[in-house]
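Both backbone and side-chain heavy atoms feed into the values below; hydrogens, waters and symmetry mates do not. Each residue takes its place number in the sequence, starting with 1.
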Amino acid sequence: MVLAVGLGGECSPDAEVLAALAREHGTPLLLSASEPHRVWAATMQIIREEREHATTHLKEMQREVTRPDGLSHLLRWLARQVGGSVVLLDLAGRPRHAFPSLPEDVMEQAAGDIRRVMSGEAGAAAADVEAGVVHVQSIGEGGHEATLVVARAHRFSASVRNLIGDASRLLSLSWSVEESGRRRRDVDRAEAQTREAVLHLLLTGQMEAAHRVAETMGPRLADEVRVYVVECPEQIRDRSVAECDRASQGTAWIVRCPVYARHVIVLAPAQRGDDMEQALRLYAGRSADIHVGRGGSVALRDLASGYRQAFHALATARGRDEHYADFNPRGDLAALVRGRGYAWAGALLEPLHTYRPARVQDPDAAVLTSTVRSWLDFHGGAARQLKIHRNTLSARLRHIERLLGRSLDDLATQAKLHLALCVLEGPGGAGGEGTLDALLDTADVRDWAALQVSPLASRELVPSLATLRVWLGNDARLEPTASALGISAPGVRKRLTRIEEVLGRSLLDSPSARYDLWFAMRVFDACDVPTAG
């Protein structure tokens, strides 16, 4: 601005000349006939007040934008200052923030000016609407990454327009940070979901599809793997993923468990061996909140077995000072009876496998089989593992009960179905026994049963064995078991936790060893087999 004072004297320039020069150069001009020092003092006072006011606003805006969710806070602040509504639109024109609410009538009336700014035709625009006036401003370092719409009942003064301009610059920075974080989260979410999908394909035996998906992301899936389950506080799970990746030197397939928010599942190439084990032992030893369970080496097609092994080892790790444990193998019942039990398993599951839905949109035999398998492994967590609503899970389970003619609330039914599914996962057999009793009546199975029970056979652990027998007899439910034993439910849980440590198997959390133990106790009690070891 050019200030001309004292006009009218002999030495004073002509006002019309000054005005013409100002117009020519596009310079604001203030003309005053008052005494120069009075005009100057008043002008400086106005400038000081404006600067103080602007500085105060800048400080307030900086304070708002640096808070968590700063973009939202700054927009709220701006809405209060202008006494109107503030809307931030993304690149597609969707309202991302609106305070105090989205003025839909105003947005419709100013739609043409909003489109001009969004398309890049204009950096800013103003429009008159029925409710007042609207100012539209592009946001973003490159321009037109987002659009700010400010509406209020009265005309915008110069100071308000300046305020919107100052806020726009801060909004631009905050928007860039927020969008960058959102895109990163979207990429991370997509990667996590893809890794979950590969895990699901592997667990359901779709090996070729799993390999194809895995190869697009890396690393490739090894033919022989060793499964680790790392348990940690949920808030550091991403850190645990990074730690596992370093331990494997980028060779392991790492998945955030879709069922347990505190678990990380690691599929490490079996040849990684001692290096991987040592690194995760050290990691587990850093904190009382971190535990690691390691399964044995298994073929990739037997991943379900490897995962169960690592999960059982994790139950043991929780009771150890080093917070780490390897799985202690004591035989596989499905492998022992598979050669003779394929016919029995097929007959048990035939109503499920031969089911054909009446409607195309209803779940078919493959979906129902996958559902019951997931439920037997994870119970309530199956809804998260299958990515379905728990009401959908409940409806499918009731349908499966009707098909099989059995109640899934019964532990005996659960154990038989689980064994049958495990038997059918392996190569088919020819002929075989027709009844479960005949399958279990062999020396190998009796030795297996004795081996499962043997850790609880010592004199001092007789009460634990009795607790296990009562718990299994009450369908693995805490409250009925507590009533039968005459103790509290927390007391039963404490005993079962101790049994987990002795057996090296998970009982309370799924996948649980309850099915193997139900068979072991049935064989052990029926045959009165002397315990091994």
Side-chain angles (χ1 to χ4, degrees), residues 187-232 234 237-245 247-248 250-270 272 276 280 291-314 327 366-367 369-388 393 418 421-422 425-426 506 509-512:
V187 170
D188 290 345
R189 189 181 306 113
E191 180 180 352
Q193 290 173 349
T194 302
R195 291 184 177 277
E196 283 184 26
V198 169
L199 180 66
H200 182 74
L201 291 170
L202 290 171
L203 291 175
T204 55
Q206 301 177 66
M207 309 300 294
E208 184 178 350
H211 277 292
R212 283 202 305 269
V213 176
E215 286 175 2
T216 64
M217 295 181 61
R220 66 175 296 275
L221 295 166
D223 294 330
E224 293 282 333
V225 296
R226 194 181 294 274
V227 182
Y228 296 79
V229 176
V230 179
E231 182 178 70
C232 63
E234 185 177 355
R237 188 158 71 155
D238 288 346
R239 196 186 312 163
S240 292
V241 169
E243 192 71 34
C244 293
D245 191 47
S248 73
T251 62
W253 187 262
I254 303 170
V255 184
R256 293 165 179 81
C257 180
V259 178
Y260 295 107
R262 301 178 70 239
H263 289 185
V264 174
I265 303 171
V266 182
L267 279 57
R272 289 296 308 165
M276 184 81 177
L280 290 183
H291 304 90
V292 178
R294 185 181 80 150
S297 177
V298 296
L300 188 62
R301 63 178 176 274
D302 296 327
L303 178 63
S305 175
Y307 171 69
R308 285 192 290 268
Q309 292 176 9
F311 195 88
H312 291 319
L314 179 64
F327 177 70
V367 171
T369 301
S370 177
T371 298
V372 74
R373 181 187 288 112
S374 179
W375 181 78
L376 289 169
D377 278 342
F378 297 110
H379 288 276
R384 295 190 295 276
Q385 200 259 344
L386 295 170
K387 299 294 187 294
I388 59 176
L393 174 64
H418 186 265
L421 287 166
C422 290
E425 285 176 356
S506 173
D509 294 325
S510 297
S512 168

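Contact check for T251 versus M276: no side-chain heavy atoms found under the 4.5 Å cut-off. Considering only heavy atoms from C-beta on, D509 stays 4.5 Å or farther from L314 through its side chain. The closest side-chain heavy-atom distance from R294 to L280 is not below 4.5 Å. You'll find the side chain of R308 reaches within 4.5 Å of the side chain of D377, heavy atoms only. Side-chain contact between L303 and V298: absent, with no pair of heavy atoms (C-beta onward) separated by less than 4.5 Å.
One distance of note links CG of L376 with CG of L421; it measures 6.5 Å at 0.5 Å rounding. The distance from the NE2 atom of H312 to the OH atom of Y307 is 10.0 Å, given to the nearest 0.5 Å. To the nearest 0.5 Å, atoms CZ (R384) and CD (E196) are separated by 11.5 Å. Summarising the geometry, atom CG belonging to D302 is positioned 8.5 Å from atom CD belonging to E224; distances are rounded to the nearest 0.5 Å.
For E191 and R195, the salt-bridge test passes: some basic side-chain N is under 4.0 Å from an acidic carboxylate O.
Nearest heavy-atom pair across A268 and A252 is CA-CB, 3.9 Å. In this structure, G306 and V227 approach most closely via the heavy-atom pair O-CB, 3.6 Å. Looking at every heavy atom in both residues, R220 comes nearest to D223 through NH2-OD1, 4.4 Å. Nearest heavy atoms, T204 versus H200: OG1-O, 2.8 Å. Of all non-hydrogen atoms in A210 and L202, the two that sit nearest each other are CB-CD2, 3.6 Å. Of all non-hydrogen atoms in V198 and A214, the two that sit nearest each other are CG2-N, 4.2 Å.
By the side-chain hydrogen bond (donor to acceptor under 3.5 Å, both in side chains) test, T194 is found to be paired with no residue, residues two or more places apart in sequence or in another chain being considered. Residues meeting the side-chain hydrogen bond (donor to acceptor under 3.5 Å, both in side chains) test with R301, sequence neighbours left out: none.
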Side-chain donor-acceptor distances from residues 254-266 under 3.5 Å, at least two apart:
{"residue": "R256", "atom": "NE", "partner": "D238", "partner atom": "OD1", "Å": "3.0"}
{"residue": "R256", "atom": "NH2", "partner": "D238", "partner atom": "OD1", "Å": "3.1"}
{"residue": "Y260", "atom": "OH", "partner": "S510", "partner atom": "N", "Å": "3.1"}
{"residue": "Y260", "atom": "OH", "partner": "S510", "partner atom": "O", "Å": "2.3"}
{"residue": "H263", "atom": "NE2", "partner": "E231", "partner atom": "OE2", "Å": "3.1"}

Salt bridge (Lys or Arg N to Asp or Glu O under 4.0 Å) between E243 and R239: does it pass, once the steps are laid out?
CA-CA 6 Å; E243 192 71 34; R239 196 186 312 163; over 6 Å; no
Do V230 and R237 pass the side-chain contact (heavy atoms from CB on, under 4.5 Å) test, and can you show the C-alpha distance, the side-chain angles, and the key distance before you say yes or no?
CA-CA 9 Å; V230 179; R237 188 158 71 155; over 6 Å; no
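In the displayed structure, E234 atom CD is contacted under 6.0 Å by at most 12 heavy atoms of other residues, nucleotides or ligands.
Of the possible polar contacts, one joining the T216 side chain to the V213 backbone as a donor-acceptor pair under 3.5 Å is found.
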